[in-house]
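Quick notes on the structure that follows.
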Amino acid sequence: MKCFFIGKDGGQESKVWGYWLFESKLFGSVVLLRFKEGSREVFHNHAFNAISWVLWGQLKELMLNGETFHYTPSIIPILTPRSRMHRVFGMAEDTWVLSFRGPWEKVWNEYFPDKDKLIKLTNGRKEI
C-alpha cells in the first residue's frame with residue numbers, strides 16, 4: 001500500500017495527474033484527480049470500479065459505442081464500472097475530480113482505434 005503521493009494517472013501520455021491519499025490494489029484507493037484539457041487517443045477500461053464527483057471544471061466521456069456524457073460539479077456521483085470502455089476529456093483548463101476506487105482486478109484493456117488494436121495490461125501497466 002502507498003500513501004500520500006503524486007503521479008500521472010493512466011500512463012505517461014495521460015493528461016491526468018493524481019494526488020493519492022492512499023492506494024491499495026487489494027482494498028482500493030482515494031485520489032484527487034486533476035484533468036488537463038484534452039485526452040489521450042486511446043479507449044480504456046479500468047482494473048477497478050469507481051465512484052467519483054467532479055468538484056471543479058467539466059469532463060466529457062466518450063464511450064466506445066459512440067455515446068457521450070458531460071459532467072459538471074454535482075452531488076450526483078459518476079459511477080464507472082470496470083467494464084466501461086471509454087475516453088475522458090478535460091473540457092476546461094483544469095478539472096478536479098474526487099474518486100474512490102475499489103479493489104483491482106489483475107487485467108484491464110486499452111484500445112487504439114487508429115490501429116484497431118486491443119492490448120491487455122497488468123500491474124505497472126505491463127502489456128500481457
Side-chain angles (χ1 to χ4, degrees):
M1 177 153 89
K2 298 189 287 186
C3 296
F4 306 111
F5 67 97
I6 299 170
K8 285 239 178 153
D9 187 46
Q12 289 305 311
E13 299 84 24
S14 177
K15 295 181 180 281
V16 182
W17 282 86
Y19 301 82
W20 279 265
L21 179 60
F22 71 89
E23 179 181 67
S24 165
K25 306 283 195 246
L26 183 60
F27 298 111
S29 59
V30 177
V31 59
L32 180 63
L33 299 169
R34 179 182 180 201
F35 287 78
K36 299 301 281 176
E37 199 167 11
S39 174
R40 290 181 57 211
E41 295 302 313
V42 300
F43 286 87
H44 63 279
N45 65 352
H46 295 276
F48 45 80
N49 295 311
I51 183 169
S52 307
W53 287 266
V54 175
L55 304 175
W56 182 269
Q58 60 180 313
L59 296 177
K60 178 174 84 172
E61 181 180 35
L62 176 62
M63 305 299 179
L64 190 55
N65 68 9
E67 284 184 280
T68 302
F69 299 95
H70 290 89
Y71 304 106
T72 56
S74 173
I75 62 169
I76 299 169
I78 302 166
L79 304 175
T80 308
R82 279 191 266 267
S83 59
R84 180 177 286 172
M85 286 294 283
H86 66 169
R87 288 174 56 193
V88 180
F89 298 81
M91 300 300 290
E93 187 175 327
D94 287 307
T95 298
W96 292 88
V97 175
L98 178 62
S99 187
F100 294 84
R101 298 170 169 180
W104 285 48
E105 292 291 322
K106 293 185 189 286
V107 175
W108 66 97
N109 302 294
E110 287 188 342
Y111 174 68
F112 296 78
D114 57 333
K115 301 174 187 172
D116 192 28
K117 180 181 178 183
L118 180 74
I119 63 169
K120 293 189 179 296
L121 298 169
T122 191
N123 290 345
R125 300 190 57 78
K126 294 178 187 156
E127 193 172 335
I128 54 174

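- Of all the heavy atoms in V42 and P113, the pair that sits closest is CA-CD, 4.4 Å.
- Between E23 and K25 there is a salt bridge, since a side-chain N of the basic residue sits under 4.0 Å from a carboxylate O of the acidic one.
- For the atom pair CD1 of I119 and CG of N109, the computed distance is 8.5 Å after rounding to the nearest 0.5 Å.
- A donor-acceptor distance shorter than 3.5 angstrom exists from the side chain of N49 to the backbone of R82, with no hydrogens or angles considered.
- Within a 6.0 Å sphere centred on NZ of K120, other residues, nucleotides and ligands contribute 12 heavy atoms or fewer.
- At distances below 3.5 Å, not a single donor-acceptor pair connects side-chain atoms of W56 with backbone N or O atoms of P73.
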Chi angles and distances behind the side-chain contact (heavy atoms from CB on, under 4.5 Å) call for E37, K15
CA-CA 7 Å; E37 199 167 11; K15 295 181 180 281; over 6 Å; no

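- Atom-to-atom distance recorded for H86:NE2 and S39:OG is 9.0 Å, nearest 0.5 angstrom.
- Note on L118: it does not cluster hydrophobically with L121, by side-chain heavy-atom contacts below 4.5 Å among ILVMFWY residues.
- Put simply, the side chain of R40 gets close to the backbone of G10: a donor and an acceptor are under 3.5 Å apart.
- No continuous path of hydrophobic side-chain contacts links M63 to F89 [ILVMFWY only; heavy atoms under 4.5 Å].
- In this structure, T122 contributes its side chain and K106 its backbone to a donor-acceptor pair below 3.5 Å.
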Would you check, one step at a time, whether the test side-chain contact (heavy atoms from CB on, under 4.5 Å) holds for N45 with E105?
CA-CA 11 Å; N45 65 352; E105 292 291 322; over 6 Å; no

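- Remark: side-chain polar atoms of R34 are not paired, donor with acceptor, to backbone N or O of D94 under 3.5 angstrom.
- A donor-acceptor pair under 3.5 Å is formed between the side chain of S14 and the backbone N or O of D9.
- Judged as a ring pair (Phe, Tyr, Trp, His ring centres under 6.0 Å), and not counting sequence neighbours, the contacts of F5 are W20.
- The nearest pair of heavy atoms linking V88 to F35 is CG1-CE2, 3.6 Å.
- Residues L33 and Y19 have side chains not in contact (no heavy-atom distance under 4.5 Å, counting atoms from C-beta outward).
- Under the 4.5 Å side-chain heavy-atom criterion for grouping Ile, Leu, Val, Met, Phe, Trp and Tyr, V54 is connected to V16 within one hydrophobic cluster.
- The two residues T68 and H70 come nearest to each other via the heavy atoms CG2-CE1, 3.8 Å.
- Summarising the geometry of R84 relative to L79, their closest heavy-atom pair is NH1-O, 3.2 Å, with the distance given to 0.1 Å.
- The CE atom of M1 lies 6.5 Å from the CZ atom of F22; values are rounded to the nearest 0.5 Å.
- With rounding to the nearest 0.5 angstrom, the CD1 atom of I6 is 8.5 Å from the CH2 atom of W17.
- At most 12 non-hydrogen atoms from other residues, nucleotides or ligands lie less than 6.0 angstrom from CD1 of I76.
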Mind running side-chain contact (heavy atoms from CB on, under 4.5 Å) on E110 and R125 for me, showing each step along the way?
CA-CA 10 Å; E110 287 188 342; R125 300 190 57 78; 2.4 Å; yes

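- V107 and L26 end up in different hydrophobic clusters when Ile, Leu, Val, Met, Phe, Trp and Tyr side chains are linked at under 4.5 Å.
- With rounding to the nearest 0.5 angstrom, the OG atom of S52 is 9.5 Å from the OH atom of Y71.
- Within 6.0 Å of NZ on K8 lie more than 12 heavy atoms contributed by other residues, nucleotides or ligands.
- Here the closest non-hydrogen pair linking G66 and L62 is O-CD1, 3.8 Å.
- By the neighbour-count criterion of 12 heavy atoms within 6.0 Å, atom CZ of F69 is densely surrounded, having more than that number from other residues, nucleotides or ligands.
- Atom-to-atom distance recorded for F100:CZ and F48:CZ is 13.5 Å, nearest 0.5 angstrom.
- Under a hydrophobic clustering in which Ile, Leu, Val, Met, Phe, Trp and Tyr are joined whenever their side-chain heavy atoms come within less than 4.5 Å, directly or via other members, F27 and L21 fall into different clusters.
- Summarising the geometry of W108 relative to A47, their closest heavy-atom pair is CE3-CB, 3.4 Å, with the distance given to 0.1 Å.
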